[in-house]
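Order of the sequence lines fixes the chain letters, A, B, ..., with proteins taken first and strands second; residue numbering starts at 1 for each chain. Basis for what follows: all heavy atoms, side chains included, without hydrogens, waters or symmetry-related copies.
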Number of protein chains: 2
Amino acid sequence: MNKLKDFRHVILYGLLLAMLIFALKWLQWKFVLVDNAIDIYIGAIALFFTILGIWVASHIMKPKVETLIVEKEIIVQPPEVFTLNTSELQKLNLNSREYEVLQLLAKGHSNADIAANLFLSVSTIKTHVSNLYFKMDVKSRTQAITKAKQLKIIE
Amino acid sequence: MNKLKDFRHVILYGLLLAMLIFALKWLQWKFVLVDNAIDIYIGAIALFFTILGIWVASHIMKPKVETLIVEKEIIVQPPEVFTLNTSELQKLNLNSREYEVLQLLAKGHSNADIAANLFLSVSTIKTHVSNLYFKMDVKSRTQAITKAKQLKIIE
DNA sequence: GCAATTTTGGTACTAAAGTATGAGGATAAG
DNA sequence: CTTATCCTCATACTTTAGTACCAAAATTGC
């Protein structure tokens, strides 16, 4: 598109030059007789072609581009996505049942609730919970919840 | 700065014109005698001033300013910032002591710990805790912790 | 198949949590 | 001054949580 536009200007420039050759020839006959007018004639040509040059340049030449970078601040909502801390979870060395119990524990369930949920006896849950406390180095379910959330091993 | 640069070009252009007046006068004496050379003379002037015009244009022309908008993502709230949910806290209608107890409760403290921390008896703590459960509509400290964290009324 | 671990469950006991009820002092609002 | 709310504490009781110790299936790894 730009190349086509440039080419059009070149053609236009060529046509103008052709027309000028005739115009100048005619002017030459007019002014050459009056010897003093040669300066004005030359000046007129100089002025005309200067303007022509400026016009051509302004239409053909690639414009200088100054890039102005404007930084637009976009407010991004904090993701608040839970990312499981796998390394901390591995350190605790909990087996799958203990981890299941911990998750239900943290939801506020009682031992009886957890037992019903997992189809186990309360005795079994108590055993798991005790082992859980030992491994987590805590002494109560509230401490277990607090620590588990701090370590990001549960949601 | 740019205006100064433009002005310098205008001065330069003026000086070049002044020099050309003398050059042309001299050329005029040389070529005017040979009548056929007048066309070459005019052509040379036309060519010269066209190039001059182009040169002037290329130096004076204002650069095009392109505005490039760069989107910069800014995280407004770092994920770990706690913002207290005041409205939810007001709904619960907890008095100051109850709220104090709740905070210590959520840290994993036992009733005895809380009592020692606030210089109160365990009986008092039990009373506060019971009232707390009633107002929060829960049945155990684990549920209280879970709900309080969900409602964002404690850290 | 054997050893190690996991998972399950029990009993017995202690500790802590939670409920119900009452009550006295402090404080603020009407 | 009275009323209401808050804050404190106590007793008596029930429930739940937690510990200690044991033991038997089930599963996994070599």
**Study point:** Side-chain N or O of A/Y133 closer than 4.0 Å to phosphate OP1/OP2 of D/dT19
**Key:** no
Check your understanding: Do B/T124 and B/T127 have side-chain N/O donor and acceptor atoms under 3.5 Å apart?
Key -> no
Review point. Taking the nucleotide of DNA chain C with the closest heavy atom to each, which residue, B/T127 or B/K139, is nearer the 5' end?
Key: B/K139
Review point. Would you say D/dC6 has OP1 or OP2 under 4.0 Å from some side-chain N or O of B/R97?
Key: no
Point to revise | Any B/H128 side-chain nitrogen or oxygen under 4.0 Å from OP1 or OP2 of D/dC7 | key: no
Check your understanding: Quick one: do the B/N85 and B/S87 side chains pair a donor with an acceptor below 3.5 Å?
Key -> yes
Review point. Do any side-chain nitrogens or oxygens of B/S123 fall under 4.0 Å of OP1 or OP2 in D/dC9?
Key: no
Exercise for review: Look at the side-chain N and O atoms of B/N95 and state whether any lies under 4.0 Å from the OP1 or OP2 oxygen of D/dC7.
Suggested key: yes
Revision key, fill the gap. On DNA chain D, more 5' by nearest nucleotide between B/L120 and A/T142 is B/L120
Exercise for review: Would you mind reading off the distance between A/R141 atom CZ and C/dA15 atom C1', rounded to a whole angstrom?
Suggested key: 14 Å
Exercise for review: Using a cut-off of strictly less than 4.0 Å, decide whether A/N111 has a side-chain nitrogen or oxygen near OP1 or OP2 of D/dT16.
Suggested key: no
Review point. OP1, OP2 of C/dA16 versus side-chain N and O of A/S140: anything below 4.0 Å?
Key: no
Check your understanding: Counting heavy atoms not belonging to B/K149, are there more than 12 under 6.0 Å from its NZ?
Key -> yes
Check your understanding: Crowded around A/K107 NZ? As in, over 12 foreign heavy atoms under 6.0 Å?
Key -> no
Exercise for review: Give a yes/no on whether any side-chain N or O of B/T124 is located under 4.0 angstrom from OP1 or OP2 of D/dA10.
Suggested key: no
**Study point:** Proximal nucleotide (of C/dA16, C/dG9, D/dA17) relative to the A/S121 side chain
**Key:** C/dG9
Review point. How close or far is atom P of C/dT21 from atom CZ of B/F134, stated in whole angstroms?
Key: 13 Å
Exercise for review: Could you state the atom-to-atom distance from CD of A/E98 to P of C/dT6 in whole Å?
Suggested key: 8 Å
Review point. B/L132 CG to C/dT19 P: how many Å, rounded?
Key: 11 Å
Review point. How far apart are the C-alpha atoms of B/L105 and B/I154, what are their side-chain angles, what is the distance that settles it, and do they pass the side chain to side chain contact (heavy atoms under 4.5 Å, CB included) test?
Key: CA-CA 10 Å; B/L105 204 78; B/I154 51 161; over 6 Å; no
Practice item. Rounded off to whole Å, could you give me the CZ-to-C1' distance for the A/F119 and C/dG9 pair? Key: 17 Å
Practice item. For B/E100 and D/dC7, give me the distance from atom CD to atom P, rounded to whole Å. Key: 9 Å
Practice item. Rounded to the nearest angstrom, tell me the gap between atom NZ in B/K135 and atom C1' in D/dC6. Key: 9 Å
Review point. Does a nitrogen or oxygen in the side chain of B/S130 sit under 4.0 Å from OP1 or OP2 of C/dT19?
Key: yes
Check your understanding: How long is the line joining CG of B/N131 and P of D/dT5, in whole Å?
Key -> 13 Å
